[in-house]
Amino acid sequence: MQARIRKALIVGVAMSMLAAVGVSAALPQPAHAAQVITDISYAPAQPAGSRGHLLDLYLPSTGVTPRPLLIWHKGSAWTSDDGKAAADEIAAVFGPLGFAVAGVSVRPSSQAIFPAQVHDIKAAIRWLRANAATYGLDPNRFAMMGDSSGGWLTEMATLSGGVASLEGTIGTTGVSSAVQVGLAFFSPTDFLQMNAQNLPTGGLDHNSPASPESLLVGCPIQTCPATVAQANPMTYVDGNDPPLMVLHGQADFLVPHGQSVLLYNRIKATCGDLTFVSVPGADHMRAQVMDPAHFGAETVYTTTDCTETVRTGTLNPTWANFATFLRSGLKMGTSCEVTYSTGAWNGAFNGSLVIRNTGTTPISGWAATWTWSGNQQITGAWNATVTQTGTQVTARDAGHNSYIGPGSSQSFGFSATATGSNPIPAQFQVNNLPCTRVTL
């Protein structure tokens with residue numbers, strides 16, 4: 001009896017931890033937002049008075065219309081009907097980049113078991129697509145992002161397009177529930193293998209009848225494998241899935257890192273499109289996965305068109321890199337142009353860069369990077385903060401010039417020393433996006 005009580009207590013504490021992960025203080029309405037519409041009912045409440053069928057919509061004042069949409073769902077171990085929480089933080093990042101953001105809630109497992117949660121998110125996507133014209137959304141450019149059980153929901157929405165049994169009949173019907181790209185933090189992907197993948201120091205007992213996974217599917221997971229299989233994102237992988245990025249900490253105590261390894265290997269086997277960022281030392285928190293202390297140490301696995309690349313430290317988990325990935329998946333045609341000019345004298349020179357946004361979405365906050373092929377060394381700069389490590393140079397906006405709207409430009413200058421031929425850098429990137437080079 002004591003052992004059972006202790007196990008139940010541990011599970012309860014773990015579920016509370018899962019529900020609390022990533023929670024931060026509520027932010028004021030984002031300054032960039034032209035309109036924030038809260039508590040939109042995308043379907044009738046079930047049960048009456050509940051919040052699981054509500055969404056919040058953040059419409060930015062910047063960018064062009066129709067806007068791409070980023071759907072956000074916050075993880076809670078399927079215990080909360082307020083998954084739209086923290087969407088204001090996501091909108092604060094992506095609104096200035098021209099994205100509309102929808103924070104979507106679904107029903108918790110205490111109100112409805114699987115597949116209700118997937119039915120709900122697909123109903124929300126259908127409602128948003130059916131009402132795209134009203135809110136200036138681009139119905140062909142829907143992305144989704146979430147963490148933990150929100151990452152699970154993201155993967156289910158991204159990978160299960162066209163699966164009739166997961167559509168449901170809630171709310172708006174007759175409209176596509178597809179998303180064009182997904183980004184998931186530390187998601188469970190194969191429930192039955194979670195216990196075996198726990199850290200050597202321990203982890204949550206996912207096989208317990210009181211575990212989040214068992215409560216989601218309505219049975220102890222090891223006793224109902226057929227039902228569990230339907231709730232695993234792994235089940236729905238095929239070679240036609242949209243691009244997906246997954247991020248997972250190698251020290252995750254609650255959802256084993258191996259869950260993302262399993263998904264990566266499955267998608268690789270189908271010649272699908274997945275980027276897997278594996279972060280050493282990070283636990284089950286977005287703040288740890290995105291901690292700059294880990295930058296340069298993450299392993300990045302990429303598989304696309306039956307080709308795999310494995311690199312270390314080449315894709316730091318930053319909002320700027322996430323935005324670049326989502327834009328690529330949405331085929332937004334983001335592009336830039338850099339005009340480079342110099343004026344030389346003996347042993348030193350001044351240089352200037354003009355960054356022009358040739359894409360359709362605004363740039364809010366920029367970092368221009370390039371690599372010298374000679375012995376050039378930066379000695380000073382204006383209208384940017386410029387640093388150099390070895391031959392690699394990074395120039396960051398000075399604050400007052402951080403915004404570059406479509407068709408607009410910003411410029412900065414620098415001074416440097418050099419001997420020899422002082423060749424022009426082969427390539428310039430802005431926020432990790434290669435730019436067309438113009439020289440004067």
Only distances under 3.5 Å count here; give the side-chain donor-acceptor pairs of residues 405-414 to other protein atoms, sequence neighbours excluded, each with its distance to 0.1 Å.
{"from": "Q410", "atom 1": "NE2", "to": "Y403", "atom 2": "O", "distance (Å)": "3.0"}

Provide the closest heavy-atom pair for [X] versus [Y] in the form atom of the first, atom of the second, distance.
X    : Y    : answer
T158 : G182 : OG1-CA, 3.7 Å
A102 : L128 : CB-CD1, 3.9 Å
P243 : G329 : CG-CA, 3.9 Å
A91  : P96  : O-CD, 3.6 Å
S109 : L216 : CB-CA, 3.8 Å
G281 : Q288 : O-OE1, 3.7 Å

Rounded to the nearest 0.5 Å, what separation is found between the [atom1] atom of [X] and the [atom2] atom of [Y]?
X    : Y    : atom1 : atom2 : answer
L244 : D273 : CG    : CG    : 8.5 Å
R141 : Q180 : CZ    : CD    : 9.0 Å
S61  : Q35  : OG    : CD    : 11.5 Å
R107 : W78  : CZ    : CH2   : 16.0 Å
I404 : T358 : CD1   : OG1   : 10.5 Å
W319 : N431 : CH2   : CG    : 15.0 Å

field: From CA spacing to verdict: side chain to side chain contact (heavy atoms under 4.5 Å, CB included), F94, L326
entry: CA-CA 11 Å; F94 285 92; L326 294 176; 3.9 Å; yes

Taking the side chain as every heavy atom from C-beta outward, state whether [X] and [Y] have any pair of such atoms under 4.5 Å apart.
X    : Y    : value
L330 : F99  : yes
L315 : F325 : no
D56  : V36  : no
V104 : Y42  : yes
M194 : L204 : no
R327 : L97  : yes
F322 : M290 : yes
Y58  : D88  : yes

Taking the six-membered ring for Trp, are [X] and [Y] parallel (under 30°), tilted (30 to 60°) or perpendicular (over 60°)?
X    : Y    : answer
F276 : H257 : tilted
W372 : F349 : perpendicular
F186 : H284 : tilted

Quick note, disulfide bond (SG atoms under 2.5 Å apart) partners involving residues 240-274, not counting sequence neighbours, are C271-C306

So disulfide bond (SG atoms under 2.5 Å apart) across residues 393-422, not counting sequence neighbours, yields none

Check ion pair D39-R51 (N to O, under 4.0 angstrom):
no

Hits for ring-ring contact (aromatic ring centres under 6.0 Å, His included) against F114, two or more places apart or cross-chain, chain-then-number order -> none

Sorted by chain and residue number, the ring-ring contact (aromatic ring centres under 6.0 Å, His included) partners of F428 (sequence neighbours excluded) come out as Y340, W370

Applied to residues 234-251, the side-chain hydrogen bond (donor to acceptor under 3.5 Å, both in side chains) test, sequence neighbours excluded, yields Q230-Y236, H248-D252, H248-S260, Q250-S278

Residue pairs meeting side-chain hydrogen bond (donor to acceptor under 3.5 Å, both in side chains), one or both in residues 292-306, sequence neighbours left out, come to none

Side chain to side chain contact (heavy atoms under 4.5 Å, CB included) for K268 and L274? Distances and angles first, verdict last. CA-CA 8 Å; K268 181 175 70 170; L274 178 69; over 6 Å; no

side-chain hydrogen bond (donor to acceptor under 3.5 Å, both in side chains) with [X]: which residues, sequence neighbours excluded?
X    : result
N265 : none
Q193 : D190
E337 : none
N383 : H400

Give a yes or no on whether the backbone of [Y] and the side-chain of [X] come within a donor-acceptor separation of less than 3.5 Å.
X    : Y    : result
Q197 : P256 : no
N316 : G296 : yes
D291 : A293 : yes
N422 : Q376 : no
S160 : M156 : yes
T189 : P233 : no
S149 : G75  : no
S105 : G52  : no
R67  : P60  : yes
N195 : H206 : yes

Inset, instruction - Show your working on side chain to side chain contact (heavy atoms under 4.5 Å, CB included) between V438 and R356 and close with a plain yes or no. - result: CA-CA 11 Å; V438 178; R356 183 170 178 266; over 6 Å; no

Side chain to side chain donor-acceptor pair (under 3.5 Å) test vs S177 passes for just one of E167, R129, R126, H119, namely E167

Show your reasoning for whether side chain to side chain contact (heavy atoms under 4.5 Å, CB included) applies to L183 and T154. CA-CA 7 Å; L183 192 153; T154 296; 5.7 Å; no

Just distance, no hydrogens or angles: give the donor-acceptor pairs under 3.5 Å from side chains in residues 391-399, sequence neighbours left out.
{"from": "D397", "atom 1": "OD1", "to": "G399", "atom 2": "N", "distance (Å)": "2.9"}
{"from": "D397", "atom 1": "OD2", "to": "W366", "atom 2": "N", "distance (Å)": "3.0"}

From the list L59, L57, V101, D138, side chain to side chain contact (heavy atoms under 4.5 Å, CB included) partner of L69 resolves to L57

